[in-house]
Amino acid sequence: MIAGLLGRLAPAGGPATEAQAPARRRLAFLFMGIGIVALLVIGGLTTPSFLTLENLLVVIRAASITGIIAIGMSYITISGNLFALSAEELAILAACVFAFLMRDDYGLAVSLIATLIFAAGSGAIQGGVISLGGDPIITTLAFGALFRGIASLVSDNKNILLGTKAAEWLGTGRPLGVPTQSWAFVILTLVAWFVLQRTRFGRQLLLIGANRPAARASGLRVGQASIVAMTLFGVCCGMAGISAAAQFGLAVANLFSGLTIDVVAAVLVGGIPLKGGQGSPVQAALGAVFIALLQNFMLLHSFTTGWRMFVIGSLVALATIGFHLLQKRQA
Amino acid sequence: MNSRETFTDLAIRAALMVAVYVVFAAMLPSYHTVRGAAALLDGGVLIGLTALGIGITMIAGEFDLSVGSLAAVIGVLTVNLIIAGMSIIPAIAIAVAVACAFGALQGFVIAVTGINSLVFTIGTLIGLRGFAMIISNENSVTIPIPRLGETDFLAQRVFGLLSPLSILLFAVFFVTHLFLRYTVWGREIFATGGGRAEARAAGVSIIRPMVISFALSGTLAGLAGAVSSVRLGSATPLGFDTLLLSAVTACLIGGIALEGGKGTVLGILIGLFTMRFLVGGVASLGAPYWLQSLAIGALLIFVLIVQLSSTLIRDRATGSALLELAPP
């Protein structure tokens with residue numbers, strides 16, 4: 001609805017940013033494709049339990065949670081607002097809200113919708129502060145602390161049990177053999193791709209990210225776009241929170257440890273340019289699959305947590321430098 | 001900002017700090033005692049040193065997200081060196097030198113590639129945390145009990161108020177103030193943050209101020225990690241995870257501008273103690289530890305909104321925001 005509103009407010013004339021960087025995007029897709037295939041081949045050859053159906057389902061489910069949020073995050077990055085560092089915390093808070101509603105017998109439908117609205121609102125508030133000129137990283141850092149604090153406060157730092165199995169299928173179900181989270185992930189990727197490439201809102205978002213003064217001069221509501229991107233991100237965090245709460249049958253304030261980092265890593269490794277205005281949610285989705293495969297591969301090779309973080313961190317730093325230099329050369 | 005405006009600005013911030021102190025002093029008897037004041041000072045050392053480092057990178061128009069992880073690495077490294085048989089002061093010195101070298105390298109890479117420092121330091125934030133876990137075998141490391149006596153000197157007090165660590169805090173702030181204010185290298189940091197294009201046009205190299213500001217932020221975060229680990233007698237690889245949040249909050253309360261080029265060392269000190277009085281007060285009133293992060297987060301949001309609205313009002317008064325606010 002907000003997208004439609006934005007669309008009507010805008011004058012005609014699409015941004016030309018799309019044509020500028022297809023080469024870079026193709027290269028990013030190529031890197032990701034090679035990376036994922038290489039991991040699958042190396043993993044399959046060296047690790048007997050890697051290419052089993054059982055393990056791949058685990059990987060897909062892990063990739064789905066990271067991926068769902070990474071898609072929301074990609075809208076933030078594309079709109080020129082870098083990242084939100086509050087993903088983990090917002091997902092935790094949403095899980096707590098969902099668990100409370102389920103425990104108090106509000107029913108699945110009401111709990112689902114109320115949680116998603118709550119998560120959307122929490123995203124929108126952050127977007128509001130950012131649209132006033134707040135630095136996205138610092139704003140979301142602050143809200144993250146607030147969300148985690150509230151989650152600890154309302155749960156008293158204990159488990160909140162759902163107390164009902166009504167939501168279990170959301171977390172553990174496998175319609176047609178594929179986990180529900182992965183259905184959500186794939187559908188969301190397609191929808192996000194379609195909205196960005198084929199709707200007026202999407203193309204406005206690309207223009208706003210690419211050239212803020214130009215977007216402002218042509219009458220686009222730059223602040224509103226930040227709010228919409230953050231709202232969509234909030235919804236994605238809400239979905240992740242609901243699916244985890246449903247899967248484990250409980251919510252607790254230390255759920256999702258390290259999720260924000262994985263999501264940021266997915267966006268960066270996927271090669272979405274940080275200056276905004278370019279890139280696609282599909283890149284973030286592929287990045288999430290790659291990170292999940294890599295994490296799983298390292299886990300099966302009994303890398304310790306420290307080594308896993310070290311590898312992911314180095315990968316992020318190197319990918320950042322690599323894509324940055326690539327971009328400089330093309331410009 | 002001329003010196004008179006700076007003075008007024010600092011006076012307002014100092015008044016806020018005093019107001020926070022008075023509010024809590026009315027509720028908490030410990031705020032009246034020398035011992036209570038000493039505890040407040042000691043509690044500010046870790047965040048204060050880190051905030052000063054972050055403040056310098058913010059003045060340079062950059063941002064160092066990796067400070068918390070670096071503090072954890074240096075804390076573990078210091079304790080490991082002590083376990084290996086080194087005495088306290090050399091262990092701290094070597095570990096802090098490592099932090100300085102890492103910071104300088106980070107600044108060099110950012111300056112040469114022109115990469116966004118926020119994004120690059122997210123990578124090092126993750127990687128350093130992993131490294132802290134690797135060098136500690138994913139466990140807390142502890143100074144051997146027979147040698148704990150060597151760290152006792154840190155618990156001494158001058159006049160019952162100043163510990164060696166709080167003296168260190170004030171000394172570091174004073175030296176940094178002199179450096180930023182009166183040396184060419186310090187002025188260059190302000191110049192790169194205030195107007196990078198102009199600074200470049202005037203012949204200021206970007207590389208030197210960037211290397212210096214990131215080296216300082218690494219050194220200070222490392223120093224904070226090292227001394228607080230020695231004071232505690234142990235270091236955990238997962239520690240210092242909320243350090244960044246507190247340090248940023250102190251800087252913003254102290255009037256360091258996010259867009260760079262603006263800020264004073266005295267302001268950071270005022271911001272630090274405003275936050276210490278508030279968080280220390282909340283803790284003394286018996287709130288659990290997670291409420292402190294809630295309090296800091298809420299405080300940071302409050303400060304952000306106040307600063308943004310004051311900027312908006314000022315812009316509207318001068319009319320420069322009219323273009324932005326005009327309907328399409």
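Just so we're on the same page: letters track the sequence lines, and every chain starts at 1.
Shortest non-hydrogen contact noted between A:Ala145 and B:Gly297 is CB-CA, 3.9 Å.
Only the backbone of B:Val112 has a heavy atom closer than 4.5 Å to any heavy atom of chain A. Interface residue B:Leu65: only side-chain heavy atoms are found under 4.5 Å from chain A. Contact of B:Ile305 with chain A is made through the side chain alone, with heavy-atom distances under 4.5 Å. When heavy atoms are compared at a cutoff of 4.5 Å, B:Leu128 does not approach chain A at all. Interface residue B:Leu118: only side-chain heavy atoms are found under 4.5 Å from chain A. Heavy atoms closer than 4.5 Å to chain A are found in the side chain of B:Leu304, but not in its backbone.
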* To do: Determine, stepwise, if the pair A:Thr304 / B:Met133 fulfils side chain to side chain contact (heavy atoms under 4.5 Å, CB included).
  => CA-CA 9 Å; A:Thr304 59; B:Met133 294 173 85; over 6 Å; no
* Stepwise side chain to side chain contact (heavy atoms under 4.5 Å, CB included) test for B:Val119 and A:Phe83 -> CA-CA 9 Å; B:Val119 175; A:Phe83 298 117; 4.1 Å; yes
* Output, in order, the C-alpha distance, side-chain angles, deciding distance and verdict of side chain to side chain contact (heavy atoms under 4.5 Å, CB included) for B:Phe120 and A:Val316. => CA-CA 8 Å; B:Phe120 184 76; A:Val316 167; over 6 Å; no
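Here A:Gly313 is the residue among A:Gly258, A:Gly313, A:Gly144 with the most heavy-atom pairs under 4.5 Å with chain B. Top candidate by heavy-atom pairs under 4.5 Å with chain B, chosen from A:Gly134, A:Ala265, A:Ser314, is A:Gly134. Ranked by non-hydrogen atom pairs under 4.5 Å with chain A, the options B:Leu300, B:Ile135, B:Ile115, B:Leu299 are led by B:Ile115.
From B:Ile134, atom CD1 reaches atom CZ of A:Arg308 across 11.5 Å, with rounding to the nearest 0.5 Å. The CG atom of B:Leu308 sits 7.0 Å away from the OG1 atom of A:Thr139 when rounded to the nearest 0.5 Å. Put simply, CG on B:Leu252 and CD1 on A:Ile138 are 5.5 Å apart, with the number rounded to the nearest 0.5 Å.
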